[in-house]
Amino acid sequence: MKDLIPDELRKVLRNAQHIVVLTGAGTSAESGVPTFREAQTGLWAQYDPQELATPQAFRRNPKLVWEWYIWRRELVTNAEPNPGHFALAEMEKLLPKFTLITQNVDGLHQRAGSLTPIELHGNIMQTKCFEDGETVTEWAETGEVPPRCPRCGGLLRPDVVWFGESLPFMALNQAIRAARQCDVFLSVGTSALVQPAASLPVEAMQAKAVTVEVNPQATPLTQYMDFVLARPSGTALPELLKQVWGIELS
Ligand code: APR
């Protein structure tokens, strides 16, 4: 494994002042949370996301959508952060400036110790009112599915971004600003297919940051990356920590 991190990349990372990391579903794959595009385990294979992860689907069948998210919440609750998540939480402490941007809604970065991940697509463990969009932390369990907002009586929904919905404005702005200011940008475990997240690595390239992709498969961005670590993030990120900063995960 000693040659996984090229010398030039080690030098760049050691001298970095601001590292930005964008993570996608691949980062949680080794925690047993299926990615969206892996045929054999990805959620695409089991469900038509248009049936479940859109406001139209919720209006059409709120009970089905709510129950799918209850199932996914259980899946995520039973999952554990993997060494890739822990390595990112360690890396955060080593840099003058470190920005973690995630497309994942599973909250595993926080459970691994990352302090302030930018959650572009929301967080599956949070709930909000479908009518007024405000977060709801507790509600009366009347047996009705989905439950209702204690403020306005609207239906409750998971606080995640559905297909066709816009991303949280502040989160996206913060992410774009970080991508434009950083000197190193790591794209980890994302197929780089879904906008606007997929344009963040491009923002970094245009701002002359050094770009690194960590993904066992090629993506549309691979050919433009300065460095490509074609390994699972659960292996590559701890190796980065060890070979660049001499830190072994406990
Ligand atoms: N380590 C690193 N990358 C991995 C691993 C792993 N162990 N396993 C799979 N991958 C890669 C796959 O090769 C793929 O490129 O992770 C990527 C997962 O891609 P997607 O399933 O498309 O997930 P993501 O890129 O996060 O999708 C973006 O699209 O489906 C919507 O809102 C959803 O947030 C999601 C967004």
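As the structure lists them, so they are numbered: ligands from 1, and atoms in each ligand from 1. Just so it is clear, the structure is predicted and the values come from calculations on it, not from any experiment.
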Element-labelled atoms of ligand 1 that are located less than 4.0 Å from some non-hydrogen atom of [X]:
{"X": "G24", "value": "26 (O)"}
{"X": "A29", "value": "8 (N)"}
{"X": "A25", "value": "23 (O), 24 (P), 26 (O)"}
{"X": "E30", "value": "1 (N), 6 (C), 7 (N)"}
{"X": "Q217", "value": "13 (O)"}
{"X": "P232", "value": "1 (N), 6 (C), 7 (N)"}

Taking atom 19 (O) of ligand 1 as the point of reference, which of S191, G122, S187, S31 owns the nearest heavy atom?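 Comparing heavy atoms across S191, G122, S187, S31, the nearest one to atom 19 (O) of ligand 1 lies in S191.
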
Could a heavy atom of P216 be found less than 4.0 Å from some atom of ligand 1?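 Checking ligand 1 against P216, which is what was asked, there is a heavy-atom contact under 4.0 Å.
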
Against ligand 1, does N215 come closer than 4.0 Å with any heavy atom?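 N215: in contact with ligand 1 (<4.0 Å).
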
Which bit of H121 gets closer than 4.0 Å to ligand 1, counting heavy atoms only: side chain, backbone, both or neither?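 Under 4.0 Å from ligand 1, H121 contributes side-chain atoms alone.
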
Please verify the inter-ring angle class for F130 with F58; under 30° counts as parallel, over 60° as perpendicular, anything in between as tilted.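 If you compare the ring of F130 with that of F58, the planes turn out tilted.
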
Charged N-O contact under 4.0 Å between K128 and E165: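 Result for this pair is no, no salt bridge flagged.
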
Electrostatic pair E239-K242, nearest N-O below 4.0 angstrom: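 Yes, E239 and K242 are salt-bridged.
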
Going by distance only, is there an N or O of [X] that falls short of 3.5 Å from an N or O of ligand 1?
{"X": "T219", "answer": "no"}
{"X": "V194", "answer": "no"}
{"X": "S233", "answer": "yes"}
{"X": "N104", "answer": "no"}

Under 3.5 Å, side chain of R14 to main-chain N/O of V244, donor-acceptor pair present?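 Yes, because the side chain of R14 sits within donor-acceptor range (under 3.5 Å) of the backbone of V244.
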
If we ignore hydrogens and angles and just use 3.5 Å, is the side chain of R180 paired with the main-chain N or O of A207 as donor and acceptor?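 A pair under 3.5 Å: no.
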
Apply side chain to side chain contact (heavy atoms under 4.5 Å, CB included) to N215 and list each qualifying residue two or more places apart in sequence or on a separate chain.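 With neighbours one apart ignored, the set is E213, Q217, T219.
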
Would you please say whether a donor-acceptor pair under 3.5 Å links the side chains of T27 and H85?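 Short answer, no.
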
Please determine, by modelled atom types, if R111 and S31 share a side-chain donor-acceptor pair under 3.5 angstrom.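 Result is no, nothing qualifies.
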
Test applied, side-chain contact (heavy atoms from CB on, under 4.5 Å); reference residue, P201; option that passes from V20, L186, T190, L22: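 Between P201 and the candidates, side-chain contact (heavy atoms from CB on, under 4.5 Å) is satisfied uniquely by L22.
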
